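Treat the numbers as computed from the prediction; the structure is a model and nothing was measured. Reminder, nothing fancy here: chain letters follow the sequence lines and each chain counts from 1.
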Amino acid sequence: MSDFDIRYCAIRRALIEREFSRLNDMQQKAVFKTEGPLLLLAGAGSGKTTVLINRIINLLRFGSGYESEYAPENAGEEELKKLAYALNDMDSLDDPEIEALCAVDPPKPYEIIAITFTNKAAGELKDRLETACGAAANDIWAHTFHSACTRILRRDIHRLGFSKNFTIYDDDDRKKMLTTVVKDMGYDTKRYDVKYIASEISRAKDNLITPEEYAADVGDDFYKKVVSRVYDAYQRELLSANALDFDDIIFKTVQLLQTCGEVREYYQRKFKYVLVDEYQDTNHAQYVLCSLLAGGYENLCVVGDDDQSIYKFRGATIENILEFEKQYPAAVTIRLEQNYRSTSNILSAANSVISNNSSRKGKTLWTENGVGDEVYIYVGETQEEEGLFIAKTILEGVAKGEKLKDFTILYRSHALSNNIEQSLKRENIPYRIVAGLRFFDRAEVKDMLAYLWVVNNPSDTVRLARIINTPARKIGDRTVELMRAAAEREGISPFEAACRCDSIPELARHSAALSAFTDMINDIRSKLDTLPLPELYDLLLQNSGYLSYLQGQGREGKMRLENVMELKSTIMEYCERNEEPTLNGFLEEISLITDVDRYDQEADAVTMMTMHSAKGLEFDTVFICGAEEGVFPSYRSMDSEAELEEERRICYVAMTRAKRRLYITSAKRRLLYGQTMYGKLSRFAEEIDPSFVKRHVPRIPSHTAERAPTKKKTVESPRASVGFDAFASRPASIDFSRGEIIDHKAFGVGKILNVTPMGGDLLLEISFEGAGVKMMMAKTASKYITKL
DNA sequence: GCTGGACATTTTTTT
DNA sequence: AATGTCCAGC
């Protein structure tokens, strides 16, 4: 290292630093550390995505320029002068020459892969990269685990005996196929729970255990022996259907990379930089996949937060993040602990809860945001009171001018949403529930998709079974059974057997029905390359008889038809987005999409979802409801310390979603699953340091007055029961009508623009001469208002 | 094949 | 309580 190198690098660093000066020190450190394994422990709201994006931008523009200790070989005093001059000139780095002087081996966009868990995260990454670096962003591999793997598999899966138009089975399809497999093997599905077998197989695949390896390890366990045989048969069945389930998508990619040196080397040479988001949620297979992909250069950057690992039950292993440093001794760890999202009260409350967990890397979030309101803990008598409290709080907020979409209600399980929903309904508050019945789960949508899958891949037996007699076309179970048997005997697919029904004796009798069906499918197939997808879809809808089938279903059918047409819009949208739309491509995309991806953050309505679905999102005001022992934490987790810790992490995730206000609500009595449960306030609420909390305990109704604990609490917290009078009924509000001129104590003279009935109250929209337009609820505001 | 009633099931579920 | 699943009987 010469003196020149030292001077050159110093200026280069200063220049690069200036480009990222909007980031805090730790974020910058993470952005500039481009080479070698890097573990980024990114707390909630610490600007994780921003760091990922900037890290990629830094790579593309400057490569390892920041870290490098050498000046470029062809650089001399002349170039150094240019850099020095640029340092004084604010816009200089737009100059490609200067940028080039700062860059050291910048990778091409296609040499970078960023892996996320959700489509949403991948989409956000893509969008923001495109904004930042334009068209080049399209060549960066920003994918979910599954879509990245699918892309890899489409290229080379023939080496594993599948063909590249393979089908993807979701959990439902998997269960169906497993059920037939189990039954075919002569097992009683009552004695052998298909769901259990499915999860056992799934777990095996998560851990990269093949059927052979599984079989070798069952020992004398009879049940496991059965699982082992089913696993083996199931995999063979998938192979002949040319189908992969979700777990296989990862598993087969790992197998491909492990067994096929040529493919492995191709990707290891290709991907100079590998970035993985939400690393705490990776399972063993995904961990191996990451190491394989990064195996060439070992420039592996994983981002995660051990405190936000909430998918253990799906096979995620927190060890991946806890032991990253062991796996890569050269790894550098950087903590991002400054939170930009929440008030310090919310953050401190969340910190005090999570600090009760023992297995963590340790990390304390802090913020420069203001203190904000205390975390509000509400204990109602019943779940109705709880729901009413939430509804009233939202109405009050709306009256102050807040938007409905600023409010989010989170719960541990879907079962809790019901009573909240009723309260919101009663108060006429618009809401949306994320999850519930998913669009792609609707029967009619699944039917049409199944048709498309079969057109794409006639070997797809599960989807074939779904539609072969829907609508009814005289191909009953008996015929389907004969078809399957014939196919087995001849070593062809059931669809193939149906095509040849004339030459197969036992099928000949049904040849009219079978041929009509196969001709219809084959006809559509023959048009695959010529007809645009939306038209193909229309033709299929028509020729399959599904259209008239729906039309014959009256009002119900009309709604179903709408859904079927919405699917067409999805197809058209896909076609517009892609230069070379293919049926295969569309199906692939759709099978990897979930409901949270369709959730529209813009619509103005209160959002309700599980705490799990809320991960990665943020909201102004958050209600965590059902905060009772037995509900949250769930009674099922209460006898295991490890599971309790996972529940606590869920709580941490939920709490840190809130930007400005956090309410934790509970009910002493709750009707759940047809039973009344009596639960104490959740331990998580109790764990919050009282200095960040404001408690509300409602007035003690006479019939519960003898209960000691209630009394004690009232004595303990003098601040209790101050402030919130959601249930005190006020005399009916004064009548207000549009156009009236009023005088408000605080805002002065104003004109009523709008009056909207809401929750037994009126929402007033008033334009004040001095204070602009305000929204307020009539009941609350009437105290301050006099009519003029 | 469709329908009704019995019967079980009810934590979370990025793909 | 509510909803899905399964099977018997038409």
Side-chain angles (χ1 to χ4, degrees), chain A residues 115-123 143-150 168-175 179 189-190 193-195 198-199 202 205-206 244-251 277-283 285-286 308-316 383 410-419 421-422 434-438 440-441 443 469-479 588-597 599 609-617 626 630-638 643 646-647 649-651 653-654 670-677:
Chain A
I115 309 177
T116 65
F117 268 82
T118 62
N119 295 302
K120 197 178 161 63
H143 288 290
T144 63
F145 269 102
H146 290 80
S147 70
C149 287
T150 306
I168 298 169
Y169 280 175
D170 65 18
D171 291 359
D172 224 47
D173 302 317
R174 169 175 68 181
K175 217 183 130 201
T179 308
T189 50
K190 276 195 191 115
D193 180 26
V194 175
K195 242 162 105 187
S199 72
S202 181
K205 289 182 179 178
D206 284 349
L244 304 186
D245 64 21
F246 281 143
D247 303 317
D248 277 336
I249 292 176
I250 312 288
F251 193 0
D277 195 10
E278 306 279 17
Y279 194 68
Q280 77 280 355
D281 289 334
T282 51
N283 59 35
Q286 286 159 335
Q308 292 191 65
S309 159
I310 56 173
Y311 284 101
K312 206 173 129 223
F313 69 96
R314 284 288 265 138
Q383 79 265 24
L410 304 180
Y411 34 78
R412 180 67 239 271
S413 75
H414 288 296
L416 293 170
S417 71
N418 221 314
N419 90 79
E421 239 184 297
Q422 282 172 12
V434 176
L437 188 67
R438 310 192 316 183
F440 294 109
D441 277 351
N469 206 31
T470 307
R473 47 172 77 87
K474 300 221 152 51
I475 307 177
D477 288 347
R478 182 96 195 92
T479 314
E588 182 179 309
E589 195 176 286
I590 220 125
S591 61
L592 300 178
I593 264 181
T594 55
D595 220 44
V596 187
D597 300 318
Y599 148 70
M609 64 179 93
T610 64
M611 299 184 202
H612 280 87
S613 315
K615 197 165 106 182
L617 305 173
V631 177
F632 182 44
S634 154
Y635 69 98
R636 307 181 79 127
S637 65
M638 302 237 275
E643 283 183 55
E646 174 132 329
E647 297 278 307
R649 290 192 292 270
I650 295 169
C651 184
V653 167
R670 179 182 300 277
L671 196 61
L672 199 62
Y673 306 132
Q675 276 181 325
T676 304
M677 328 227 316

Decide side-chain hydrogen bond (donor to acceptor under 3.5 Å, both in side chains) for A/Thr610 and A/Ser613; before the verdict, give the C-alpha distance in whole Å, the side-chain angles of both, and the deciding distance to 0.1 Å. CA-CA 5 Å; A/Thr610 64; A/Ser613 315; 2.8 Å; yes
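No engagement by A/Asp247 is indicated, since no non-hydrogen atom pair under 4.0 Å with the nucleic acid exists. Contacts of A/Glu278 with the nucleic acid, taken as non-hydrogen atoms under 4.0 Å apart, are absent. Among the protein residues, A/Gly476 comes within range of the sugar-phosphate backbone only, with heavy atoms under 4.0 Å from sugar or phosphate atoms but none that close to a base.
Comparing A/Met611 and A/Ala472 by the nucleotide of DNA chain B that holds the closest heavy atom to each, the one mapping nearer the 5' end is A/Ala472. Mapping A/Ile475 and A/Lys195 onto DNA chain B by nearest heavy atom places A/Ile475 at the nucleotide closer to the 5' end.
Between A/Leu416 atom CG and C/dA1 atom P there is a gap of 16 Å when expressed in whole angstrom units. The separation between A/Arg412 atom CZ and B/dT12 atom C1' is 4 Å, rounded to whole Å. We find that NZ of A/Lys615 is positioned 12 Å from C1' of B/dT12, with the value rounded to whole Å. If you take CD of A/Gln280 and C1' of B/dT14, they are 11 Å apart, rounded to a whole angstrom. The nearest whole Å value for the distance from the CE atom in A/Met677 to the P atom in B/dT11 is 11 Å. Atom OH in A/Tyr673 sits about 13 Å away from atom P in C/dT3, given to the nearest Å. A/Ile310 has its CD1 atom 12 Å from the P atom of B/dT12, to the nearest Å. A/Tyr635 has its OH atom 10 Å from the C1' atom of B/dT9, to the nearest Å.
Neither OP1 nor OP2 of B/dT11 sits under 4.0 Å from any side-chain N or O of A/Thr610. Residue A/Ser613 places none of its side-chain N or O atoms closer than 4.0 Å to OP1 or OP2 of B/dT14.
Among the nucleotides B/dT12, B/dT11, B/dT14, the one closest to any side-chain atom of A/His612 is B/dT12. The side chain of A/His414 approaches B/dT12 more closely than any other nucleotide in the set B/dG1, B/dT12, B/dT10. Here the side chain of A/Ser413 is nearest to one of B/dG1, B/dT11, B/dT14, namely B/dT11. Of all nucleotides listed (B/dT14, B/dT10, B/dT12), B/dT14 comes nearest to the side chain of A/Asp281. Out of B/dT13, B/dT10, B/dT14, the shortest distance to the side chain of A/Phe117 is found at B/dT14. Minimum atom distance to the side chain of A/Asn469 is reached by B/dG1, of the listed B/dT13, C/dA1, B/dG1.
Applying the 5.5 angstrom centroid cut-off and the 30 degree plane-angle cut-off, the aromatic ring of A/Tyr311 is not stacked upon the base of B/dT12.
Residues forming a ring pair (Phe, Tyr, Trp, His ring centres under 6.0 Å) with A/Tyr635 (at least two apart in sequence, or on another chain): none. Residues meeting the side-chain contact (heavy atoms from CB on, under 4.5 Å) test with A/Ser147, sequence neighbours left out: A/His143, A/Thr144, A/Leu592.
B/dT14 and C/dT3 are spaced 26 Å apart, taking the C1' atom of each and rounding to whole Å. Comparing B/dT11 with C/dC6, their C1' atoms are spaced 25 Å from each other, to the whole Å. When the C1' atom is compared between B/dT12 and C/dT5, the two are found 22 Å apart, to the nearest whole Å.
The only option from A/Lys615, A/Arg314, A/Lys312 that meets the salt bridge (Lys or Arg N to Asp or Glu O under 4.0 Å) definition with A/Asp281 turns out to be A/Lys615. Screening A/Asp248, A/Asp247, A/Asn283 against A/Lys205 for a side chain to side chain donor-acceptor pair (under 3.5 Å) leaves a single residue, A/Asp248.
For the pair A/Val631/A/Tyr411, no side-chain contact is recorded, criterion being any heavy-atom separation below 4.5 Å from C-beta on.
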